[in-house]
Amino acid sequence: MSDLSDRTTIVVGASRGLGHGIATAFAEAGAPVVAVSRTAAVFPEPATGSGSLVSEVADAGDATVAARLFEQYDPTVVVLVAGASPYMRPLQEHTWETFSVNWETDVRIAFHWLREILLEPMRPGGRVIVVSSGAALAGSPLSGGYAGAKATQRFITDYARGEAQRADLDLTFTAVLPRFAPETRVGHSAVRAYAARAGQPLDQFLRQAGPLLTPQIAGAALVDLAETKPADVANAYVLNGAGLQKLP
């Protein structure tokens with residue numbers, strides 16, 4: 001049984017999808033969870049009765065929000081999941097505004113929060129998990145700048161790790177790259193678009209996609225990651241329905 005009762009956890013992007021599953025899992029592991037989202041979210045009572053969930057309605061892309069929440073909650077774990085749903089269309093059908101939406105949202109959020117974690121700085125022993133995407137490895141030709149934005153999230157997580165080491169901050173940074181999660185809004189639109197592009201029925205496409213990720217699997221995997229000894233934490237992982245796999 002996990003026991004994170006002494007580890008206040010901020011989950012950014014907790015209102016739906018993977019973020020909702022992650023926030024729920026940390027609360028069920030006993031953590032006091034601060035669930036940050038632009039809209040209010042409803043969560044079940046933790047099954048164990050030991051954790052707690054506090055909802056903070058805020059725009060995580062606002063540069064002042066991270067500083068305010070750090071001062072208020074003093075977290076030991078931060079999980080950054082928030083991002084925009086990309087527009088699913090081929091390159092020539094994008095405008096610059098639709099192409100760049102994940103740069104202006106996902107990358108902006110990661111930048112502001114990683115910067116604040118280093119400046120504050122976060123308390124020694126802190127854990128930071130940035131949820132990127134498997135598209136950062138394989139590309140995503142129907143989602144504009146999404147894959148590049150997600151790759152940049154992974155890069156700046158590495159940059160933050162290096163700066164923390166230079167400053168001897170005793171912080172652990174890692175990036176997690178989820179594969180298809182068809183139960184989420186982003187995953188649902190992606191699998192439908194790519195199945196249509198391949199000329200396949202949706203169920204056939206999903207069978208070929210390998211073990212499929214769910215919010216519950218993601219939550220359990222990230223709780224395990226938060227409990228892993230810092231020396232054993234990889235710089236990055238792929239996450240699918242079979243769990244976490246270290247990237248070189």
Side-chain angles (χ1 to χ4, degrees), residues 1-14 17-36 46-48 50-53 70 73-82 110 113-114 117-118 120-134 136-137 150 153-179 181 211 213-248:
M1 293 290 290
S2 297
D3 181 11
L4 298 177
S5 57
D6 61 345
R7 307 187 73 181
T8 299
T9 300
I10 292 181
V11 180
V12 181
L18 297 186
H20 192 277
I22 291 164
T24 300
F26 271 85
E28 290 180 348
V33 175
V34 183
V36 182
T48 61
S50 58
S52 63
L53 278 155
F70 264 88
Y73 293 105
D74 189 23
T76 52
V77 180
V78 173
V79 184
L80 302 179
V81 197
W113 283 78
L114 292 173
I117 285 164
L118 293 170
E120 182 66 20
M122 192 174 177
R123 63 165 60 194
R127 301 294 187 94
V128 183
I129 302 171
V130 178
V131 178
S132 171
S133 170
L137 299 174
K150 290 302 184 180
Q153 285 186 303
R154 182 184 176 188
F155 284 139
I156 63 176
T157 303
D158 278 334
Y159 302 163
R161 180 188 306 107
E163 292 303 315
Q165 290 171 347
R166 280 164 42 86
D168 197 23
L169 293 182
D170 186 22
L171 300 176
T172 302
F173 293 82
T174 192
V176 172
L177 284 62
R179 297 290 193 187
L213 183 62
T214 66
Q216 294 74 26
I217 292 171
L222 265 63
V223 167
D224 287 345
L225 183 57
E227 294 186 304
T228 301
K229 293 179 181 179
D232 295 332
V233 174
N235 292 351
Y237 297 83
V238 168
L239 174 61
N240 61 19
L244 292 165
Q245 293 91 44
K246 291 184 179 181
L247 283 169

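Note that the structure is predicted; figures quoted are calculated from it, not measured.
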Measure the spacing between [atom1] of [X] and [atom2] of [Y] and express it to the nearest 0.5 Å.
X    : Y    : atom1 : atom2 : answer
R154 : L177 : CZ    : CG    : 6.0 Å
L4   : T76  : CG    : OG1   : 8.0 Å
M122 : I10  : CE    : CD1   : 8.0 Å
L53  : T24  : CG    : OG1   : 6.0 Å
I22  : I217 : CD1   : CD1   : 12.0 Å
S132 : I156 : OG    : CD1   : 10.0 Å

Can you check whether [X] reaches [Y] side chain to side chain, under 4.5 Å on heavy atoms?
X    : Y    : answer
V79  : V176 : no
V34  : P75  : no
V130 : W113 : no
F173 : L114 : yes
L171 : V128 : no
D74  : T8   : no

Mind listing the closest non-hydrogen atom pair of [X] and [Y] along with its distance?
X    : Y    : answer
A23  : V11  : CA-CG2, 4.0 Å
T174 : L225 : CG2-CD2, 3.7 Å
A110 : L80  : CA-CD1, 4.1 Å
S133 : K150 : CB-CG, 3.6 Å
L18  : A181 : CD2-CB, 4.2 Å
A27  : S52  : CB-O, 4.0 Å

Donor-acceptor pair, Q245 side chain versus G243 backbone, under 3.5 Å?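 Judged by distance alone, yes, a pair lies under 3.5 Å.
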Any donor-acceptor pair under 3.5 Å linking the side chain of R127 with the backbone of A226?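 Present.
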For atom CG of D232, decide whether the heavy atoms of other residues, nucleotides or ligands shown that lie under 6.0 angstrom number more than 12.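 Counting other residues, nucleotides and ligands, CG of D232 exceeds 12 neighbours.
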Do other residues, nucleotides or ligands put more than 12 heavy atoms under 6.0 Å from Y73 OH?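 It does: Y73 OH has more than 12 such atoms within range.
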